[in-house]
Amino acid sequence: MNMQAAVWLNKGRRPRLEEGHPWIYANEIAKMEGEATPGDLVEVKDHRGLYLGTGYWNPASQITVRLVSYEPLANMDTAFFQKRFERAAAHRHRFLGDNVSCRLVYGEADFVPGLVVDRFGDVLVVQVLTLGMEKAKEAWLAALINVFAPQGIYERSDVGVRVLEGLEERTGVLYGECPRHIEIEENGLKVQVDIEGGQKTGYFFDQRENRASIAPLIKGWGGRSGIKLEERSTADGSLTQVPVNANGAVVTYPFWDGATVLECFAHTGSFTLHACDYGAKKVTCLDISEHALETARHNVEINGFTDRVEFVAADAFEYLRSQVAGRDERQTRANAKASGAKVDTSKPLVSEGRTWDVIILDPPAFAKTKKAVEAASRGYKEINLQAMKLLNEGGFLVTASCSYHVRPELFLETIQEAAKDAGKIIRRVEWRGAGKDHPMLAGVEEGHYLKFGIFEVRSRKEL
């Protein structure tokens, strides 16, 4: 152990390490004592030489050391990883139950920085993001097999951040058998995951609880159409409540009380599935990717929701703008007609001008760097502004941001600005982060990336 190299930290640095953050940047290091090969473990000491922990070292990365232990550690062997994975498994068992498809290992938050593991049924999908974890592959691979006994392990290290570590992107089978398409269950729904062609590892588990949180939004809309429950006699003379329309006729459509829902950036259609399961009348499932919609169509079909879902392949920004343009044109014609002005109805409307009871916005990250924050904020404001304009009165906006650099305060401020410009008053009913299989390590702001909110939206003139 005494042969292990050590990095000494600057005296004037911010004490992030002591506050729980496992990263050490190049500009925080005063000197290096001894020699190490990139990817090796090194001791970390403060400016007085006091031992703070052990981490792996990569001088090619701005994050030069990533801490893996607060006790002396000779090497990251199979026993080391097995202990970490057993702790990770215990956490998921406590909050999610046994053998649930979920994020099993979440990098820094599970004390194995640079390694992410998702479980899809009997298959594990891993992402290796750093040189230190790349060098330790043999050890953590054996530990994954020992702890989780998977049918197969597939690697999806096709992410750009590996370049910052001096690594090439890579995908492929690491162990056993890994079918490309795997059917999992989430909140009682069937979801097909494409572990080879899907985004990231194939599916986004971080929104599991958030998807379930839309349940109260989906029913209670029948009254708007003049439908109400009345007591009617049955064939045997007993009384039962049945839905009746304004003309007194019994409504036989089972989803008469459900919301009309638009999901933008649908990916595999996970919010669409939940909306249908909770009783939506009609869902518009939109994504720019035909591959994503192909998966979404399959997911809708295997859950029996095909008759209530329409699929739209389009850019969400353009689609929202076009619907607003159509709505505005309809309103202009209606106003002109009401004032007695002559309206030229021979010209076709620009677009449909549709509206919905619930609109869901779950876009990919708009800001990958600090420099992109300003442009990202404009993007978030634009889609939320247009969505608010397309909500029926008293409807709900379900909106999210997974851009770490757009901090929660800024995202909320952006939504409020959008509401102001849209002439809307919004009430916040939910404000959440990632799910319990994505624990947040105190002191590590980078882990607090997901912002998820639900807002009731009303027009100022209607209040």
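Worth knowing before you read on, the calculation uses all heavy atoms, side chains too, and leaves out hydrogens, waters and symmetry mates.
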Note to self: Does the plane of the ring in Phe95 sit parallel, tilted or perpendicular to the ring in His91? Use 30° and 60° as the thresholds.
What the structure shows: tilted

Next item on the list: Kindly say whether the aromatic ring centers of Tyr319 and Phe317 come within a distance under 6.0 Å.
Entry: no

Notebook entry, point to check: Is Glu413 salt-bridged to Lys381, going by a charged N under 4.0 Å from an acidic O?
Noted result: no

Note to self: Looking at Glu209 and Arg432, is there a salt bridge between them, counting it only when a charged N and a carboxylate O are closer than 4.0 Å?
What the structure shows: no

Check: Under 3.5 Å, side chain of Tyr56 to main-chain N/O of Pro113, donor-acceptor pair present?
Finding: yes

Check: Between Lys137 and Glu155, is there a side-chain N and carboxylate O pair less than 4.0 Å apart?
Finding: yes

Checklist line | Sidechain N-carboxylate O distance under 4.0 Å for Asp110, Arg87 | finding: no

Next item on the list: Using a strict cut-off of less than 4.0 Å between a Lys/Arg side-chain nitrogen and an Asp/Glu carboxylate oxygen, indicate whether Glu310 and Arg354 qualify as a salt bridge.
Entry: yes

Note to self: As an exercise, state the distance from CG of Leu144 to CG of Leu115, rounded to the nearest 0.5 Å.
What the structure shows: 6.5 Å

Next item on the list: Answer yes if the side chains of Thr399 and Asn384 hold a donor-acceptor pair under 3.5 Å, and no otherwise.
Entry: yes

Note to self: Does this structure show an ion pair linking Glu196 with Arg156, if we count only N-O contacts that are shorter than 4.0 Å?
What the structure shows: no

Note to self: Against Leu391, only a single residue in Thr355, Val457, Leu262 fulfils side chain to side chain contact (heavy atoms under 4.5 Å, CB included); can you say which?
What the structure shows: Val457

Checklist line | Ion pair check, Asp118 and Arg103, cut-off under 4.0 Å | finding: yes

Check: Would you say Lys219 has more than 12 foreign heavy atoms packed within less than 6.0 Å of its NZ?
Finding: no

Checklist line | Full working for salt bridge (Lys or Arg N to Asp or Glu O under 4.0 Å) between Arg327 and Glu352 | finding: CA-CA 7 Å; Arg327 188 213 60 173; Glu352 299 167 290; over 6 Å; no

Notebook entry, point to check: Is there a donor-acceptor pair under 3.5 Å between the side chain of Asn210 and the backbone N or O of Gly433?
Noted result: yes

Check: Charged N to carboxylate O under 4.0 angstrom, Asp437 versus Arg208?
Finding: yes

Margin query: Between Arg428 and Glu430, does any NZ, NE, NH1 or NH2 come within less than 4.0 Å of an OD or OE carboxylate oxygen?
Written below: no

Notebook entry, point to check: Are Arg427 and Phe455 in a cation-pi setup, meaning NZ or CZ lies under 6.0 angstrom from the ring centre and within 45 degrees of the ring axis?
Noted result: no

Item checked: Under 3.5 Å: donor-acceptor pair, side chain of Arg308, backbone of Ala280 -> yes

Next item on the list: Start with the C-alpha gap between Arg119 and Ser101, add the side-chain angles, then the distance that decides, and say whether side-chain hydrogen bond (donor to acceptor under 3.5 Å, both in side chains) holds.
Entry: CA-CA 5 Å; Arg119 175 167 57 200; Ser101 295; 5.8 Å; no

Next item on the list: Would you please classify the geometry between the Tyr380 ring and the Phe411 ring as parallel, tilted or perpendicular, with 30° and 60° separating the classes?
Entry: perpendicular

Notebook entry, point to check: Parallel, tilted or perpendicular: which fits the ring planes of His438 and Tyr449, with parallel below 30° and perpendicular above 60°?
Noted result: tilted

Note to self: Taking the basic N atoms (NZ, or NE/NH1/NH2) and the acidic carboxylate oxygens, is any pair closer than 4.0 Å for Glu301 and Arg297?
What the structure shows: no

Notebook entry, point to check: Would Val358 and Val398 count as a side chain to side chain contact (heavy atoms under 4.5 Å, CB included) if you check the C-alpha gap in whole Å, the side-chain angles of each, and the deciding distance to 0.1 Å?
Noted result: CA-CA 7 Å; Val358 178; Val398 180; 4.1 Å; yes

Item checked: Main-chain N/O of Val251 paired to Trp256 side chain as donor or acceptor, under 3.5 Å -> no

Next item on the list: Using salt bridge (charged side-chain N to carboxylate O under 4.0 Å, His left out) as the criterion, list what pairs up with Arg224, not counting sequence neighbours.
Entry: Asp357

Item checked: Pairing of Glu108 and Arg66 as salt bridge, 4.0 angstrom limit -> yes

Next item on the list: Report the distance from atom CG of Asp40 to atom CE of Met76, rounding to the nearest 0.5 Å.
Entry: 9.0 Å

Next item on the list: Indicate whether any N or O donor in one side chain lies under 3.5 Å from an N or O acceptor in the other, for Asn146 and Gln82.
Entry: yes

Check: Measuring from Asp421:CG to Gln386:CD, what's the distance to the nearest 0.5 Å?
Finding: 10.5 Å

Margin query: Using only atom types and a distance under 3.5 Å, with no angle test, would you say the side chain of Asn299 pairs donor to acceptor with the backbone of Gln192?
Written below: yes

Checklist line | side chain to side chain contact (heavy atoms under 4.5 Å, CB included) between Ser213 and Ile454, intermediate numbers included | finding: CA-CA 9 Å; Ser213 75; Ile454 297 177; 3.8 Å; yes

Margin query: Counting C-beta onward and ignoring hydrogens, is there a side-chain heavy-atom pair between Leu104 and Leu124 closer than 4.5 Å?
Written below: yes

Next item on the list: Grab the two heavy atoms, one from Gly379 and one from Phe366, that are nearest each other, plus how far apart they are.
Entry: C-CE1, 3.9 Å

Item checked: Side-chain donor/acceptor of Ser403 to backbone N/O of His405, under 3.5 Å -> no

Next item on the list: Step by step, work out the side chain to side chain contact (heavy atoms under 4.5 Å, CB included) result for Thr64 and Trp57.
Entry: CA-CA 6 Å; Thr64 307; Trp57 175 73; 3.5 Å; yes

Checklist line | Pair Glu263, Thr272: side-chain N/O donor-acceptor within cut-off below 3.5 Å | finding: yes

Note to self: Test your reading of the model: is there a side-chain donor-acceptor pair from Asp287 to the backbone of Ala266, 3.5 Å cut-off?
What the structure shows: yes

Notebook entry, point to check: If you count the non-hydrogen atoms of other residues, nucleotides and ligands that lie under 6.0 Å from CD in Glu86, is the total more than 12?
Noted result: yes

Next item on the list: Output every pair passing ring pair (Phe, Tyr, Trp, His ring centres under 6.0 Å) with a member in residues 154-204, not counting sequence neighbours, ordered by first then second residue.
Entry: Tyr203-Phe205, Phe204-His267

Notebook entry, point to check: Does the side-chain hydrogen bond (donor to acceptor under 3.5 Å, both in side chains) test come out yes or no for Ser459 and Glu393, once each step is laid out?
Noted result: CA-CA 7 Å; Ser459 300; Glu393 188 65 24; 2.9 Å; yes

Notebook entry, point to check: With no hydrogens and no angle check, is any side-chain donor or acceptor of Gln241 less than 3.5 Å from a backbone partner on Leu229?
Noted result: no

Check: Under 3.5 Å, side chain of Arg84 to main-chain N/O of Phe111, donor-acceptor pair present?
Finding: yes

Next item on the list: Report the C-alpha distance between Val312 and Cys285 in whole Å, list the side-chain angles of each, state the deciding distance to 0.1 Å, and finish with yes or no for side chain to side chain contact (heavy atoms under 4.5 Å, CB included).
Entry: CA-CA 6 Å; Val312 177; Cys285 182; over 6 Å; no

